[in-house]
Amino acid sequence: MRRFSQHKYKEETEINLTPMLDVVFIMLIFFIVTTSFVKETGIEVNRPSAKSSEQKGKANILIAIKNNNEIWIDKRMVDIRSVRANIERLKALNSQNSVVIQSDVDSKTGILVKVMDQIRLAGIFNISISTLRDN
């Protein structure tokens, strides 16, 4: 009698993760490219409201003036004497040059005027002041 040896061949199954990783990386690249990065000044400002406020396009340089007259650019507090140098540095990094100033309702107008003067001395004349829309 012939003996049949029954060998059970186990088929090794593998999950190939390469296509899935490729898709994940492609999606990651897509989201990085299409994401618009939100620029912030680093502080919260109580902006004044205005009935005549208009929606402007995106600005690439944001400046905030707190109620105690501190000036913030790129999440850093700066002195009025260094505003021009910071604006010139940011101007060199961006092709579109526009500035939005977020001035607190309780800040002094003199500081706002000095900041605007430093921005103009840095060579940017497209300056807007951020307000809340008063309905």
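Only this structure's heavy atoms are used, side chains among them; waters, hydrogens and symmetry mates stay out. Quick caveat: nothing in here was measured; it's all calculated off a predicted structure.
Considering OG of Ser82 and CE of Met77, their distance stands at 9.5 Å, rounded to 0.5 Å. Within the model, atoms CG of Leu62 and OG of Ser130 stand 8.5 Å from one another, a figure rounded to the nearest 0.5 Å. Summarising the geometry, atom CG belonging to Asp104 is positioned 4.5 Å from atom CG belonging to Asn67; distances are rounded to the nearest 0.5 Å. The structure places CG of Asn97 at 11.0 Å from CD of Glu88, a figure rounded to the nearest 0.5 Å. In this structure, the separation between CG on Asp117 and CZ on Arg84 is 9.0 Å, given to the nearest 0.5 Å.
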Q: Mind running side-chain contact (heavy atoms from CB on, under 4.5 Å) on Ile87 and Gln118 for me, showing each step along the way?
A: CA-CA 8 Å; Ile87 296 299; Gln118 292 298 311; over 6 Å; no
Q: Decide side-chain contact (heavy atoms from CB on, under 4.5 Å) for Asn86 and Ile63; before the verdict, give the C-alpha distance in whole Å, the side-chain angles of both, and the deciding distance to 0.1 Å.
A: CA-CA 10 Å; Asn86 280 289; Ile63 300 174; over 6 Å; no
Q: Starting from the C-alpha separation in whole Å, work towards a yes-or-no answer on side-chain contact (heavy atoms from CB on, under 4.5 Å) for Ile80 and Val115.
A: CA-CA 7 Å; Ile80 188 67; Val115 169; 3.7 Å; yes
(Q) With side-chain contact (heavy atoms from CB on, under 4.5 Å) as the criterion, how do Ile119 and Ile61 come out once you've worked through the C-alpha distance, each side chain's angles and the decisive distance to 0.1 Å? (A) CA-CA 10 Å; Ile119 295 167; Ile61 301 173; over 6 Å; no
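Ile65 and Leu112 get closest at one heavy-atom pair: CD1-CA, 3.9 Å. Minimum interatomic distance between Met116 and Ile127 (heavy atoms only, all atoms of both residues): O-CD1, 3.9 Å. Heavy atoms only, all atoms of each residue included: Lys108 and Asn69 are closest at N-OD1, 2.9 Å. When all heavy atoms of Trp72 and Lys66 are compared, the closest pair comes out as NE1-CD, 3.3 Å.
Salt-bridge formation is not detected for the pair Asp74/Arg76: no Lys NZ or Arg NE/NH1/NH2 atom is positioned less than 4.0 Å from an Asp or Glu carboxylate oxygen.
Phe125 and Val100 are assigned to two separate hydrophobic clusters, defined by single-linkage of ILVMFWY side chains at heavy-atom distances under 4.5 Å. In terms of hydrophobic clustering, with Ile, Leu, Val, Met, Phe, Trp and Tyr side chains grouped at heavy-atom distances under 4.5 Å, Phe25 and Ile32 are assigned to a common cluster. A single hydrophobic cluster is seen to contain both Leu93 and Ile73, as judged by linkage of ILVMFWY side chains at heavy-atom distances under 4.5 Å, directly or through other members.
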